[in-house]
Enquirer: 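Here you go, one structure.
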Amino acid sequence: MGEYSGTAIDERSASIALTDYGVGPDEPNRLQVVDSARGTVRWAVTAHVTWVTNPDGTLATTASGLAFQTTVSPYGNAPVYGVRLSTGDLAWRARPEAYGSPRLVGDLIVLETNAGVIALDANTGAERWQWTAEGGCGEDGPKLDEDDSDGLTATCDGTLFRLNVADGSTAWRWSAQEGCLIRDEASAAGIVAVTVTCDDDQSLRVLDGGSGAQRWSQAIKWDRKGADPADPEQGAARVAVVMAGESPMVAALGPGQVFAASDGKPVPLAPGLAPVHFIGDPGSDGLLLQKDDGGRLTLSLVDPASGHAVWERALPFPAEHNSWGDSTYSYRFAGGILYVVGVVPLLWPAVIALIDGRSGDMTLSATGRGDVELIGTGADGTLYLTYGPNGQSRLTALRVTGHSSGFLGTRVSADQWPDACRLLSAAQYRAAYPGVTPALKAEQSQLPGAELPAPTRCHYLPPSIDGTEVIVSVSWLADAADEARRVVDGQTSQNTVAVTVGKKRHPALQWDGTNPGVDLMKRVRLSFAVGRCVVTVETLGDSTPLQTLGGSVADSLADPAVSPGCSA
């Protein structure tokens, strides 16, 4: 899979749809369908199309095995294709007078038009109905709620329209007060929730999905401090419907307030907790929440009635959020187990956290791979992942079978990890930079489940500009030497150069990077494996002695007296 790629899984048909996007405006995409049970490619096609997906990112498919492709065009009138997942054969083709991305709603393909909505039969492509907004809808037309899991809701000039899926008629309409704006809406579990702003006030309204009658309204926080007056949406809250077992909850994302969907009663949450989106059934009645606990991620399952935590687990992952404040992690429940993939700071491989949804019991297991994304989980516990940096993603299926006594689910004990500050001596540094004696600054992984007695990273800091900063990082200690080599090979891209380091001429990859720090100086890196150890050596600015320094580190790793864990 290339640098710009996407995946979507359909567990019902045991299919994974892959897309390699063309790098230029005139270059077509390559689409493939992989059998998720065997890993074989069923068929592939190169065309100017993309897959149609569901709001949760899974592949949009029918019970009869049809999937859908389209060419999204800003000019509208883009064709839509129904294709058979098993063979790739074309079932139908339609070119509706519409724009935007198609959505599968029941047995309909639904698209926006300049005046309303058009619905096609998902099995034949024939038009079933059209809906036109009453009174018109301006130049841009209505906006469909892409995340609506209950049906069809369209927003048009400050008015919500709920549509009957069967015939496209208007079930009900709801408008905010004059001078107020609808900022966001979410529909699920028989309700429609909207956030509304009126001057400097912001409120959350919950409507009955069947009748449109307002059930309740709650004032919510709106932090306008430092907001751009020219951007009226800045700081406005998003809304989501989240589930606590069978009970729907309405969350104002950003402010982090949660209310019972039935009556608007606030859930008493501790400061800093925010609900997260997840896929699957947690098998419990709690509300899944996250907290940025000093830069690391803490997950908890909370009783919505009392606000008390049923369980709480600190993960060895940094807390990551997008511009809305939502978590960027993918949370998936399967068989009552929560699967989360993250990267432990100072370590190379992605780590899978498996948390029992009822008890909170947690197991950590390392994949030994970089840039991992969990795209699906099978009923038998199979994990479907994409991995690989620098535009060289691969698709893999694996099952966690690690040893609980090892480090992050491996057969490696923590005390076998090499000390990064013993791999390059001051004398070896001075050989590269004559007359310069560096100061050493060690870093260790001290997060829950990832404690190590030895430093995983060592900074060699020169006292003057006669030398340069050198960083030695022990990225991973694999179960076997061939696994370590695969970790290094996974970094191969068009930006890497194959070299050798050390007396035994270990294969290595060298590439240029950019320092993410404030100085923005170029970093040049070497990555290689010696035995079971994967190591990165990088210099800041000056790359001239890099292979010499990398060779010294490789020789130290090969010396059992210095790093016995690499050859154990």
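Bear in mind that the values here come from a model prediction, so they are computed numbers and not experimental data.
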Enquirer: The criterion is side-chain hydrogen bond (donor to acceptor under 3.5 Å, both in side chains); which residues satisfy it with Thr53, sequence neighbours excluded?
Expert: none
Enquirer: If I compare all heavy atoms of Val242 with all of Ala251, which pair ends up nearest, and what's the gap?
Expert: CG2-CB, 4.5 Å
Enquirer: Name all residues meeting the side-chain contact (heavy atoms from CB on, under 4.5 Å) criterion together with Arg457; count only those two or more places apart in sequence or in a different chain, and write none if there are none.
Expert: Leu346, Glu443, His459, Ile471, Ser473
Enquirer: Examine distances only and state if a side-chain atom of Asp10 and a backbone atom of Ser15 form a donor-acceptor pair shorter than 3.5 Å.
Expert: no
Enquirer: To the nearest 0.5 Å, how far apart are CD1 in Ile375 and OG1 in Thr386?
Expert: 6.0 Å
Enquirer: Can any side-chain N or O of Thr46 pair as donor or acceptor with the backbone N or O of Arg30 at less than 3.5 Å?
Expert: no
Enquirer: Check the pair Thr50 / Tyr21 against side-chain contact (heavy atoms from CB on, under 4.5 Å), numbers first and verdict last.
Expert: CA-CA 8 Å; Thr50 59; Tyr21 295 103; 3.7 Å; yes
Enquirer: Can you confirm whether the side chains of Ser552 and Asp555 place a donor and an acceptor under 3.5 Å from each other?
Expert: no
Enquirer: How long is the straight-line distance from CD1 of Ile279 back to OG1 of Thr58, given to the nearest 0.5 Å?
Expert: 7.0 Å
Enquirer: Any heavy-atom pair between the side chains of Asp419 and Leu423 that's under 4.5 Å?
Expert: no
Enquirer: Please test Asp559 against Ser556 for side-chain hydrogen bond (donor to acceptor under 3.5 Å, both in side chains), starting from the C-alpha separation and ending with a verdict.
Expert: CA-CA 5 Å; Asp559 184 353; Ser556 295; over 6 Å; no
Enquirer: Could you pull out all residues at least two apart from Glu11 that satisfy salt bridge (charged side-chain N to carboxylate O under 4.0 Å, His left out)?
Expert: none
Enquirer: Counting only N and O atoms by type, is there a donor-acceptor contact under 3.5 Å from the side chain of Ser300 to the main-chain atoms of Val302?
Expert: no
Enquirer: Excluding sequence neighbours, so at least two apart, what forms ring pair (Phe, Tyr, Trp, His ring centres under 6.0 Å) with Trp417?
Expert: Phe407, Trp476
Enquirer: Keeping Trp51 on the side-chain end and Gly6 on the backbone end, is there a donor-acceptor pair under 3.5 Å?
Expert: no
Enquirer: Please step through side-chain contact (heavy atoms from CB on, under 4.5 Å) for the pair Val241 and Met249, ending with a clear verdict.
Expert: CA-CA 6 Å; Val241 179; Met249 301 280 155; over 6 Å; no
Enquirer: Could you tell me which non-hydrogen atom of Leu301 sits nearest to which non-hydrogen atom of Gly357, and how far apart they are?
Expert: CD2-O, 3.3 Å
Enquirer: Return the set of residues passing salt bridge (charged side-chain N to carboxylate O under 4.0 Å, His left out) with Arg486 (not counting sequence neighbours), or none when no residue passes.
Expert: Asp482
Enquirer: So, using side-chain hydrogen bond (donor to acceptor under 3.5 Å, both in side chains) as the criterion, who are the partners of Asp184 when residues are at least two apart?
Expert: none
Enquirer: What's the spacing between Leu385 CG and Leu398 CG if we round to 0.5 Å?
Expert: 4.5 Å
Enquirer: Check Asp285 against Pro304 and note the closest heavy-atom contact, atom names and distance.
Expert: O-CD, 3.7 Å
Enquirer: Give me each pair satisfying ring pair (Phe, Tyr, Trp, His ring centres under 6.0 Å) with a member in residues 424-445, each pair once, sequence neighbours excluded.
Expert: Tyr429-Tyr433
Enquirer: Which value, rounded to the nearest 0.5 Å, describes the distance between Leu395 atom CG and Glu373 atom CD?
Expert: 11.0 Å
Enquirer: How long is the straight-line distance from CD1 of Ile16 back to CD of Gln32, given to the nearest 0.5 Å?
Expert: 11.5 Å
Enquirer: Taking it one step at a time, do Val33 and Val41 satisfy side-chain contact (heavy atoms from CB on, under 4.5 Å)?
Expert: CA-CA 6 Å; Val33 173; Val41 177; over 6 Å; no
Enquirer: On a heavy-atom basis, which atom in Ala8 and which in Leu59 lie closest, and how many Å separate them?
Expert: CB-N, 3.8 Å
Enquirer: Distance alone, cut at 3.5 Å: any donor-acceptor contact between the side chains of Thr382 and Arg399?
Expert: yes
Enquirer: What I'd like to find out is whether the side chain of Val499 reaches to under 4.5 Å of the side chain of Leu526, using heavy atoms alone.
Expert: yes
Enquirer: Is any side-chain heavy atom of Leu477 closer than 4.5 Å to a side-chain heavy atom of Val474?
Expert: no
Enquirer: Is the backbone N or O of Gly57 less than 3.5 Å from a side-chain atom of Asn54, with the two atoms forming a donor-acceptor pair by type?
Expert: no
Enquirer: What pairs with Ser425 under side-chain hydrogen bond (donor to acceptor under 3.5 Å, both in side chains), at least two apart in sequence or on another chain?
Expert: Gln428
Enquirer: Answer yes or no: is there a side-chain heavy-atom contact under 4.5 Å between Thr437 and Arg430?
Expert: yes
Enquirer: Mind listing the closest non-hydrogen atom pair of Leu424 and Tyr460 along with its distance?
Expert: O-OH, 2.6 Å
Enquirer: For Tyr384, which residues count as a ring pair (Phe, Tyr, Trp, His ring centres under 6.0 Å) partner, sequence neighbours excluded?
Expert: none
Enquirer: Does Leu315 reach the side chain of Val340, with side-chain heavy atoms less than 4.5 Å apart?
Expert: yes
Enquirer: About how many Å separate CG of Leu299 and CE of Met362, when rounded to the nearest 0.5 Å?
Expert: 9.0 Å
Enquirer: Could you check Val343 against Phe317 for side-chain contact (heavy atoms from CB on, under 4.5 Å), going step by step and ending with a plain yes or no?
Expert: CA-CA 6 Å; Val343 176; Phe317 307 152; over 6 Å; no
Enquirer: Sorted by first residue and then second, give each salt bridge (Lys or Arg N to Asp or Glu O under 4.0 Å) pair with at least one member in residues 32-42; sequence neighbours left out.
Expert: Asp35-Arg38, Asp35-Arg42
Enquirer: Do Val351 and Thr367 come close enough that some side-chain heavy atom pair is under 4.5 Å?
Expert: no
Enquirer: So, Gln290 and Tyr331: side-chain donor and acceptor under 3.5 Å apart, yes or no?
Expert: yes
Enquirer: Considering all heavy atoms of both residues, which atom of Phe528 and which atom of Pro507 are nearest to each other, and what is their separation?
Expert: CB-O, 3.4 Å
Enquirer: With heavy-atom distances below 4.5 Å as the criterion, would you say the side chains of Leu338 and Pro282 are in contact?
Expert: no
Enquirer: Using side-chain heavy atoms (C-beta onward) and a distance below 4.5 Å, is Val276 in contact with Tyr329?
Expert: no
Enquirer: Return the set of residues passing side-chain hydrogen bond (donor to acceptor under 3.5 Å, both in side chains) with Glu27 (not counting sequence neighbours), or none when no residue passes.
Expert: none
Enquirer: Please list all pairs meeting salt bridge (Lys or Arg N to Asp or Glu O under 4.0 Å) that have one or both residues in residues 302-313, counting only residues at least two apart or in different chains.
Expert: none
Enquirer: Any donor-acceptor pair under 3.5 Å linking the side chain of Arg532 with the backbone of Gly565?
Expert: yes
Enquirer: Distance-only, no hydrogens or angles: does the Asp20 side chain make a donor-acceptor pair with backbone N or O of Ser5 under 3.5 Å?
Expert: no
Enquirer: If you draw a 6.0 Å radius around CZ in Arg505, do more than 12 non-hydrogen atoms from other residues or ligands fall strictly inside?
Expert: no
Enquirer: Check each of Val535, Val488, Val487 against Ser527 using the side-chain contact (heavy atoms from CB on, under 4.5 Å) test, and report the only one that passes.
Expert: Val488
